[in-house]
Amino acid sequence: MQKYISVLVFLVLSLSLSAQKQAQTPSQKSTQIKGELKNNSGFEKVYLENILSEVVIDSAVISRKGKFSFELNLEKSDFFKLKISDEMFLMYIPEPGEKAEIILDTESPETPVIQGSKHTELVYSTLGASADINQKIEDYRAQMELERKTMIRKMIDENPTSLACLFFINELDVNEDFPTYKKLSEGLAEHTENYLVADLNKIVSESSKLAIGTQAPEIELQTPLGETKKLSDLRGSYVLIDFWAAWCRPCRAESPNLVKLYDKYHKKGFTIYSVSLDRDKGSWLKAIKDDELGKWTHVSDLMYWSSQAAVDYGVESIPHTILIDKNGIIIAKDLRGEDLEKKLAEILKD
C-alpha cells in the first residue's frame, strides 16, 4: 500500500495548496463516516488527520465488532487520513455533507471497500487498477528473465568448450544451475592458465560440497545449556539449517515467519537447527527469548564469522538457510518468507 502513497501524498499536497488560494465561504455541512475495521489485531482507535497540516482533527474508539464513526462539519472538500497506525491508513477526500461507509481489512489494507465518497472511491479504484498493471509488468519481467536464463543455459550446453561462455555464466545462480557450471568447468579444463577459468573452477569446487542433491556436512556444536547437538541427530525430519545472529536485523525480521512455519509443519516432520554467529552469549540467549524461538534446536560456538559451521557451509551473509530432507540431503538453499512456506507446503502436503 505504501508504494502508492508517496506519489499520492505529493499530488494531494500540491492540490491542497492550490485550493487554499481560492476564497471559499459556503456554509458548513455535516459530513458522516461510518467505518469498520476487519481482522483487528489490537488497534483501539482510528484517527482523522489533515494531510496538509498533519493535525489530528478527531479520533474514534473502535468497538469490539470493529465499528467506528466520525461526524465533522466541512465548508469545502479537503484531504484527510483515516489513520489506524503510521503504516496503516486510508486516504479520504470527503465532500461537505456526504455520508461515507468505509470497510478496511488489516490483512489487505490496500483494497478498502468505500461507498458514498466519490473522490475516495476514485482514488482507490485507480490504485487498484494500477496494482493490477504493475503485477502484469512484474510477471512479464519474471518471464523474460526466465527465458533469458534458458537461452544462456542452452548456449553453454551447446558450447561448453568456448571461452565466450564465461561472459554469461555469472548470470546463472550456481545453486540453481550447478550442472551447467560443472559442465563448463570441465569443458574449459585445458585453459587452466586463464584467471576467469580459475575463478570458475574455484566456484565449482566449493559449491560441489554443498550442491543440491549432496549430503549436508555435519555440524556439531553446543546448545545454550552446553550440550553437544549434531545436525545428524535430527535425521528423520526435514530440517532447515538457519544461520543467523542476534545482531542481524533481517534475521530477526524473519523470526515470526519461522515460528509460524514451525508451528504449522512440526507435526508433519519439520524442524529447525539454528546456528548462531553471535559472539556474546547473553545477546544470543536474549534474542531466542525475545523472538520466542526456543521451540527448536539452537547451537553456536560464539566464534562470529569464524564459526566452523559457517566456514564449512561457505556462509558469507546472513540470514542463510539450507533445507535438507530426512536423510540429510540438501534440497533447497536460501529460502525464507513466502518461498520457504511454498517449499514446505510442497514437500509436507497431506
Side-chain angles (χ1 to χ4, degrees), residues 173-176 178 181-182 185 198-255 257-259 261-262 266 270-291 293-336 340 343:
D173 186 333
V174 67
N175 293 323
E176 297 176 0
F178 180 75
Y181 270 78
K182 185 177 180 182
S185 176
D199 286 344
L200 173 66
N201 293 339
K202 182 180 179 181
I203 291 172
V204 171
S205 176
E206 292 177 350
S207 298
S208 63
K209 296 181 290 186
L210 296 166
I212 292 174
T214 62
Q215 189 78 41
E218 179 68 287
I219 302 176
E220 185 175 351
L221 293 173
Q222 290 189 338
T223 70
L225 296 177
E227 301 172 350
T228 298
K229 188 72 172 180
K230 296 180 180 180
L231 175 62
S232 58
D233 291 339
L234 301 177
R235 291 282 169 81
S237 296
Y238 285 90
V239 182
L240 183 74
I241 308 170
D242 173 38
F243 288 91
W244 75 299
W247 46 262
C248 169
R249 290 188 179 182
C251 303
R252 304 292 294 276
E254 179 69 5
S255 291
N257 186 56
L258 292 181
V259 172
L261 296 179
Y262 180 88
H266 179 59
F270 170 68
T271 192
I272 302 173
Y273 186 86
S274 287
V275 182
S276 167
L277 301 190
D278 280 293
R279 287 179 288 194
D280 179 70
K281 186 174 182 178
S283 298
W284 175 37
L285 298 182
K286 186 176 186 300
I288 293 173
K289 180 180 179 181
D290 290 349
D291 292 1
L293 309 178
K295 301 176 181 180
W296 57 80
T297 302
H298 289 267
V299 295
S300 182
D301 52 16
L302 299 176
M303 294 293 290
Y304 198 45
W305 292 106
S306 297
S307 170
Q308 188 59 53
V311 173
D312 290 344
Y313 277 79
V315 178
E316 296 181 350
S317 64
I318 53 175
H320 178 71
T321 61
I322 304 283
L323 184 63
I324 62 177
D325 68 10
K326 295 180 179 181
N327 298 310
I329 303 299
I330 297 173
I331 58 175
K333 295 182 180 182
D334 286 320
L335 296 180
R336 57 181 183 267
L340 176 57
K343 186 64 176 181

If you define the side chain from C-beta out and look only at heavy atoms, does anything of H298 sit under 4.5 Å from W244? yes
Nearest-0.5 Å distance, CD1 of residue I219 to CD1 of residue I241: 5.0 Å
Please evaluate residues D301 and S307 with respect to the criterion side chain to side chain donor-acceptor pair (under 3.5 Å), reporting the C-alpha separation (whole Å), side-chain torsions for both, the decisive distance (0.1 Å), and the verdict. CA-CA 6 Å; D301 52 16; S307 170; 3.3 Å; yes
d(W284 CH2, L302 CG) to nearest 0.5 Å is 6.0 Å
For D290, all residues meeting salt bridge (Lys or Arg N to Asp or Glu O under 4.0 Å), sequence neighbours excluded: K286
Got a second to check how far K182's NZ is from I203's CD1, nearest 0.5 Å? 15.5 Å
Any donor-acceptor pair under 3.5 Å linking the side chain of D291 with the backbone of L293? no
Quick one: pull up CG in D334 and CG in L323 and give me the separation to the nearest 0.5 Å. 11.5 Å
How about H266 and Y262: are their ring centres within less than 6.0 Å of each other? yes
What is the minimum heavy-atom distance between V275 and A309, and which atoms define it? CG1-CB, 4.1 Å
Are the side chains of I272 and L258 in contact, using a 4.5 Å heavy-atom criterion? yes
May I ask you to check whether F243 and W305 place their ring centers less than 6.0 Å from one another? no
Show which side-chain atoms of residues 233-240 pair as donor or acceptor with protein atoms under 3.5 Å away, not counting sequence neighbours.
residue, atom, partner, partner atom, Å
D233, OD2, K230, N, 3.0

Taking all non-hydrogen atoms of both residues, which atom of L231 and which atom of P217 are closest, and how far apart? CD2-O, 3.7 Å
From NZ (K229) to CD (Q222), nearest 0.5 Å: 13.5 Å
Could you work out, with salt bridge (Lys or Arg N to Asp or Glu O under 4.0 Å) as the rule, every residue matching K343, not counting sequence neighbours? E346
Could you list the residues that satisfy side-chain hydrogen bond (donor to acceptor under 3.5 Å, both in side chains) with E220, not counting sequence neighbours? none
Tell me, do L277 and I318 make a side-chain contact under 4.5 Å, heavy atoms counted? yes
Quick one: pull up OG1 in T214 and CD1 in I331 and give me the separation to the nearest 0.5 Å. 12.0 Å
side-chain contact (heavy atoms from CB on, under 4.5 Å) for L261 and L340? Distances and angles first, verdict last. CA-CA 9 Å; L261 296 179; L340 176 57; 3.6 Å; yes
Report yes or no: does Y181 contribute a side-chain atom to a donor-acceptor pair with the main-chain N or O of D173 at less than 3.5 Å? no
Who pairs with K295 by salt bridge (Lys or Arg N to Asp or Glu O under 4.0 Å), at least two apart in sequence or on another chain? D263
Taking the side chain as every heavy atom from C-beta outward, state whether Y304 and W247 have any pair of such atoms under 4.5 Å apart. yes
Among pairs that include at least one residue of residues 270-281, which meet side-chain hydrogen bond (donor to acceptor under 3.5 Å, both in side chains), considering only residues two or more places apart or in two chains? D242-S274, S274-W296, S276-D278, D280-S283
Output yes when a side-chain donor or acceptor of Q215 lies under 3.5 Å from a complementary backbone atom of I330, and no otherwise. no
Shortest non-hydrogen contact from E218 toward S232: OE2-OG, 2.5 Å
